[in-house]
Structures are given as C-alpha cells and as structure tokens.
Student: 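Submitted below is the structure of interest, expressed as structure tokens.
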Amino acid sequence: MSPDDLHVSDTVGTAPGQDLERYRAVRRRTEALAAPLSAEDQAAQSMPDASPTKWHHGHTTWFFETFLLVPYLAGYQLFDARFGYLFNSYYEALGPRQPRPSRGLLTRPSCAEVGAYRAHVDAAMARLLAGGATEAMRQRLDLGLAHEEQHQELILMDILHLFAQSPLEPAYRSHRPTGAEPSTPVASFLPFDGGLVEIGAGPSGFAFDNERPLHKVFLAPYRLSDRLTTNGEWIAFMEAGGYGRPEFWLSEGWARVIAEGWSAPLYWRQEPVGWSAMTLEGRRPVDLAAPVTHVSYYEAAAYAAWAGRRLPTEAEWEHAARSPGQGGLAQVQGHAWQWTASPYCPYPGFRPGAGALGEYNGKFMVNQMVLRGGCLATPPGHARATYRNFFHPEKRWAFAGVRLADDGPGDVASQSDAGSETASDFLVDVLAGLSAPTKTLPSKYFYDAEGSRLFEAICDLPEYYLTRTETALLREIAPELAARLPDGAVLVEFGSGASAKTRILLDAAPQLAAYAPIDISKSALDAATATIRRDYPDLQVAALVDDFTRALRLPASVAGARAAGFFPGSTLGNFPPAEAEDFLRRAGTLLGEGGTLILGVDVAKGAEVLIPAYDDAQGVTAAFNLNVLARINRELEGTFDLQAFRHQVIWNAQESRIEMHLVSAIQQDVRVAGRRLVFAAGETIHTENSYKYRPADLAAIIERAGWRIDRRWESPAPAFAIYSLTR
Ligand code: AVI
C-alpha cells in the first residue's frame, strides 16, 4: 500500500472510535513509509540536520507517551524509562537529551525494539481513546497526529539526503506517485488587489499555534506567478551565470555560494548531456518542466533578483491561496514548499502555550524564513493555506522551491521611479504612459511576435529606404569593416531582430569566433539564431533575450571575450539624444578600452522622403503602430477598439525627428487591466520618435559618450550613414 492511500484528513471525527481510527491511520502511514527501508537504512544519520528513520519512529512515539499517556492514562507504565533521553527532541522543560548530531550513534535500541515501543504505546493509546477524549486530550491528540505527519515528511527528506551520500544512489521507491499538476510553458502573473486582509487561522479547527491569531494585514496590489519556477527556468538562471554573479545575491547568500561551492540545486549533477538529480526514485535526468526543488532561500532570492521579480511575502501568498479558486494559482500544494520573503516571527498577539508544549514552535521564531504550500513529501491533507513552514535560509534539503511575485499595477509611480526593468513593466509602463497628461507608449513594446513580423515587412517596403540603403552600403564597405574586427572576437549585436544585416559582416569577417545577438523579442531571436547556427556552423552563437536599452550585458558564455559591437538600423534614432548618449557610453563600458562599435544611423533629409517612409501606401507601418494597442488588448486585458485610432506621422523639423502617433478618432473610454483610461477626440498617443541626425549633432553625442569616430561612410541619397567608432 502506498502511504498516500491513507487520507488521514478524511477520517476526522470526534467520537472515540473515530479518534482511534485517525490515530491508527497516521501511525500506519509512518510504518508504510519505513517499509522499503532496511534496518541499516533506518539507523544512519547523514548530517546533523537529518535524523535516522528509527529515531523519527521512536520520537513520534515518545511524543504520544509523554504528552498523552503519562498525564491522562491511569496506571500507564513507561516502555523504557531511558527512552525519554533518547527521543526527546528539543524540549528543555523535559530535561537533557541525546545531542541531535549524534542520533545516528544510537545503534541501540534496534529497529525491532523501537517497533515494540511503538506497539506498546499504540496499545495504550487504544485504551486511552476507548474511554473518550476530553477537549484537552483531543487537542493534544490532534497535535500529536500533526506532529507525526511532520515527521513523515522529515523521514523522506532525511532518507533522500542519506541516499544521496551513497555511491550506489539507491532508489527509495520505483516511481513517483501520480497527481503532479503539469507546469504551463510560460508562467503568467495573476493580479491580486490586496487591501486590508485577514491572515492566520481562526479559533476553530486544528492549526499549529504559530498560525494564530487571525489578524489584519495591509497588502499593496501584487501579482503572483500562476505556477512554480521550473527546473528549465532554473537552468536558464545557471546559464546566465546566476551562481557566479554577486549582484543577484544577498551578502550572506553569496558567502554561502563561495564557501560551499554552490553551482546548482542540491542533488544536481552535470552529465555529459544535461543535468541529473538525486530523487526518491534514484538518480534521474532533471525534468525541465517540473518545479525546481532543493534550493535555499538565498538561491530563491537570487533567482528572483535575476528574473527581475521578487519572492512573495507570506501574507501575499496566504491571501492569494485563500482567494476563491485559490486565485487561479496552480501547484499550490503537493509540489514544493515555496520560500517567502517573510522572516518567521510571531503574529501580533501570539503567546506560546504553558509548559513543554509551548516550546513546539515559538522558540524557533528567529533567523528563519517562512515557506508556504506543501511539497510532494507532505502527507495529503496535512498542510493548509494558513500553514507556516520554516527553515534557516541556507538549508537545501527540504523540498523547497520558488513561486515568484511582483508588485501590482497600483505601484506604477514607485516602480517607474525606481527604474526597475521587468517583463511586468509592460503593464506598469502602459498605465503610466496612458495616464500622463500627454499620452505616450515606449516604442520598445512594438516588438512582440506580430510587431517583429510587421517590422520585417516595413524593411521591404519601397518607401522605407533605411534598410535598403544601409544594406547596400554595408555590402560595399564590408571588407573595410571586417578589417576593423579583431581575430577571435565576439560580435555583439544590440537589438538584433532578424539578424539579416549581420550576415554581411559574418561573411566578410570569418575571424569572428562568436555572435551574441541581444533582443527583447524572444520569437525574433529564436528564429534568427536558428538560421545563423545552421548557416555558420563554426560560429558560437550565444543569444540573450533582454532589453539592451537598460540591461547592457553579455551572455554568460561569452562574458570576458574580446567584443566588437554592431548597432545597425538607426535604432539609436529611437532614443532621445540624452539616452542615445547614455547608451553609447554604456556600450563603451561593455566593449572596453580599444573596443570597436559599428553604428548605422539615418541622416536628416527632406520631409517628402521621410513622411512616406513612415506612412507607406500599403498601410504596413499603420498596422505596426496599431499593433501595440492589439498587444495591450492581448496581454493586459485591454479593450482598445483599433478602428477608433488612426496612425499619424509628423516630421518635427526642430527636433529633427519623425514622430509616430495614434490619434483617437472619437471621445472614448478604454480599460487596461481593469483601469479606466479616457481619450478625448483627436487626442494622441505618442508611440515613437525616430531621430534623423545631422552629422555634427551626432558627432558631438559620440564624443561626449567617450568614443572617437574612426570613419564615417554615407550612402548615395536617400542618405544613410555607417560609423566605425573606437575608444
Ligand atoms: C527600428 N527603428 C529604427 C525603426 C525606425 O525607423 O525608427 C522603427 C520603425 N518605426 C516605423 N517604421 C520603422
């Protein structure tokens, strides 16, 4: 029988027979968990935190003996008076005890003797419960049963740790019980309003003392990932150099990384291809879609920092889990405990109980972090939404994983002020931009899959001269450019899109060792890197999905290599001059002293050429512009009527820029993520600037950013310029 066939919570009752049956069900489950283990397995202790199975058996039995039989069963005879010393865990009020790190030295009593101890206590408990339980007794019974269930989970945690030390890497069981909820390929962040909410267990029903009292907490709007972080996502963190980049780590966490050489979750091992992990089923290939487990709080926090998110507080987690339908969250229980950003502290009004049982939880309320949920080793029905698990932040042997959180739309101002850059900023930026007196949207949000496709179509338009002229010029000067690229260098392309122009450089410069395209659009990047890899088999391709306008960094696998930059397409023109200068300065820092940057920039010219380039006869640019509204509808629960907005192009001669706008044809209300936005008839959303630089203006920016113009080439009209910059 599988231990999980015993659903203890199904048997809750108050009659004497029901109490006994509940007791027996829990005790049987503990026996069933130990059944696959040999006597040797049950006696060994793999580390001070873990205990032998035999000790768990003795200790849970001692708990009933000490807290129920001794005080309540008249004439009860201790099985062995020495066992109090062996099996007292941490109760100071009950006297001295076997030191925790030395529990594995207890070769006596044998497993059989501990079994006899269990039988003795079980028989006495049957006598006690036959007489009916008082309220006080029932409270202790409930606690004893929940306590034994906690040890059932510990048995599995500790056995896995023990078996992971064995060169034979034994399997505790042949297969994992079914019932795991699959992970969706992409996590989405579900919004919760927060407000003044109630947290904690009410006065009725069983809960541990640390779950009480029920109290009020104020929560700002927040969002939670609808599922847990997967192993595949964790590998992306590792491949991004996550375990080697102190900027993501808490100081104490980073010290652990260094001291203990962490480079992957506990139990993971790099194989010739991919990763394996030690599991209760033995060593298995890491399942990329499964939730990551066996990570410490420090790792969880570092991962969240890398992902541009944060960990939820325990109140956020509980509020979401208690929302109708668990707020749409999947994998709430039964997969991995979820680290929260909350220290394990008493709730307001918490008072530890009197006597030894008051030591159960309260005295551990320092220096530990709360975990919520429940894991694959948690007995079914044991955990609940108010349940507070806790571990020290460096511990990794629990089945602990990650559910990411983020601030909700209510924090627009503070988020944009802080300049944080995460995928969730789409919502933040949209609400901030459309709530401002002059409505704007950042042009970087044009490039979802459909926007990237439309932009490629723009590049082929007869009116859009930029791509054509730049490509022709690149072809012409390719040998001269190639001569400026160092041997063995990595070519870093900012905003690579389809990487079409890159091929001209790659063909002319076979000395390049690697190509590192950086783009905000994963779909465009995936498609481009696949064909580049196919067509340039000797070239290392290290792609990075990122917003290069803010996070200017190299993919981990080419970090440290000599790099040359490539920034074609006049994308620099989409930045205001001050940001263009800032970008060039940061690109200089990234590429280093002596670095080279090949830059393509459009040149100021007459409106008769510029306007049609952005307002083409086929309406492709109009569709590209309007797609940002469609994207808001798709991704942010927007209600834009695309027919009610018109594409508009303006040549702003004073600023030397083309402006794209979306003009509201009528007075209208639009909703985005539940927010109401009002548009007057004729009001515009300013969606893009495209600066057309006069050579002297750009030269000044380049110089201020710390670069020198090595050479400037200009195409025949309509003019487009390519620069080779050096430092
Ligand atoms: C990507 N960027 C340089 C283009 C430009 O010309 O500003 C984007 C674009 N917008 C409308 N058409 C093309």
Side-chain angles (χ1 to χ4, degrees), residues 440-471 473-474 493-502 517-521 523-525 528 547-549 566-577 579-580 583-584 598-607 609-631 645-652 655-663 684-693 698 715 718-723:
T440 59
L441 284 173
S443 58
K444 66 183 177 184
Y445 293 124
F446 282 142
Y447 301 93
D448 66 347
E450 173 64 358
S452 299
R453 188 190 70 73
L454 286 165
F455 179 64
E456 292 310 313
I458 287 173
C459 294
D460 290 330
L461 289 170
E463 299 95 325
Y464 194 74
Y465 61 88
L466 289 83
T467 313
R468 244 188 357 269
T469 40
E470 184 182 32
T471 305
L473 183 57
L474 272 173
E493 183 170 2
F494 306 106
S496 49
S499 299
K501 293 164 204 153
T502 325
I518 307 176
D519 202 283
I520 197 167
S521 165
S523 53
L525 204 52
D547 177 1
F548 66 89
T549 63
F566 185 38
F567 193 32
S570 200
T571 303
L572 190 77
N574 294 132
F575 303 168
E579 276 180 40
F583 169 79
L584 289 175
I598 297 168
L599 177 68
V601 186
D602 200 3
V603 179
K605 56 182 68 66
V609 178
L610 288 168
I611 299 268
Y614 290 83
D615 199 3
D616 61 280
Q618 294 169 58
V620 181
T621 313
F624 173 72
N625 198 5
L626 283 159
N627 176 61
V628 74
L629 302 185
R631 181 177 180 186
F645 286 85
R646 182 173 57 78
H647 172 63
Q648 186 188 45
V649 175
I650 296 169
W651 169 237
N652 183 334
E655 297 287 348
S656 196
R657 72 185 188 207
I658 281 282
E659 295 178 1
M660 290 207 316
H661 295 256
L662 289 165
V663 187
T684 82
I685 310 171
H686 187 163
T687 51
E688 189 183 57
N689 288 319
S690 212
Y691 284 84
K692 309 298 170 186
Y693 280 111
L698 187 56
S715 73
F720 193 95
I722 294 176
Y723 292 76

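Each ligand, and each atom within it, is numbered from 1 in the order the structure gives.
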Student: Applying the ring pair (Phe, Tyr, Trp, His ring centres under 6.0 Å) test to Y614, which of F624, W651, Y464 qualifies?
Tutor: Y464
Student: Check whether any side-chain N or O of S656 sits under 3.5 Å from a backbone N or O of K692 as a donor-acceptor pair, and report yes or no.
Tutor: yes
Student: Are the side chain of S715 and the backbone N or O of F720 linked by a donor-acceptor pair below 3.5 Å?
Tutor: yes
Student: Centroid-to-centroid, F446 to F455, below 6.0 Å?
Tutor: no
Student: In terms of side-chain geometry, is the basic nitrogen of E456 or R453 positioned less than 4.0 Å from the acidic oxygen of its partner?
Tutor: no
Student: Report the C-alpha distance between T687 and N625 in whole Å, list the side-chain angles of each, state the deciding distance to 0.1 Å, and finish with yes or no for side chain to side chain donor-acceptor pair (under 3.5 Å).
Tutor: CA-CA 7 Å; T687 51; N625 198 5; 2.9 Å; yes
Student: What short N/O contacts, under 3.5 Å, does ligand 1 make with the protein, listed by atom pair and distance?
Tutor:
{"unit_1": "ligand 1", "atom_1": "2 (N)", "unit_2": "N574", "atom_2": "OD1", "d": "2.8"}
{"unit_1": "ligand 1", "atom_1": "6 (O)", "unit_2": "Y464", "atom_2": "OH", "d": "2.5"}
{"unit_1": "ligand 1", "atom_1": "6 (O)", "unit_2": "Y614", "atom_2": "OH", "d": "2.5"}
{"unit_1": "ligand 1", "atom_1": "7 (O)", "unit_2": "N574", "atom_2": "ND2", "d": "2.9"}
{"unit_1": "ligand 1", "atom_1": "7 (O)", "unit_2": "S690", "atom_2": "OG", "d": "2.5"}
{"unit_1": "ligand 1", "atom_1": "10 (N)", "unit_2": "E688", "atom_2": "OE1", "d": "2.7"}
{"unit_1": "ligand 1", "atom_1": "10 (N)", "unit_2": "E688", "atom_2": "OE2", "d": "3.4"}

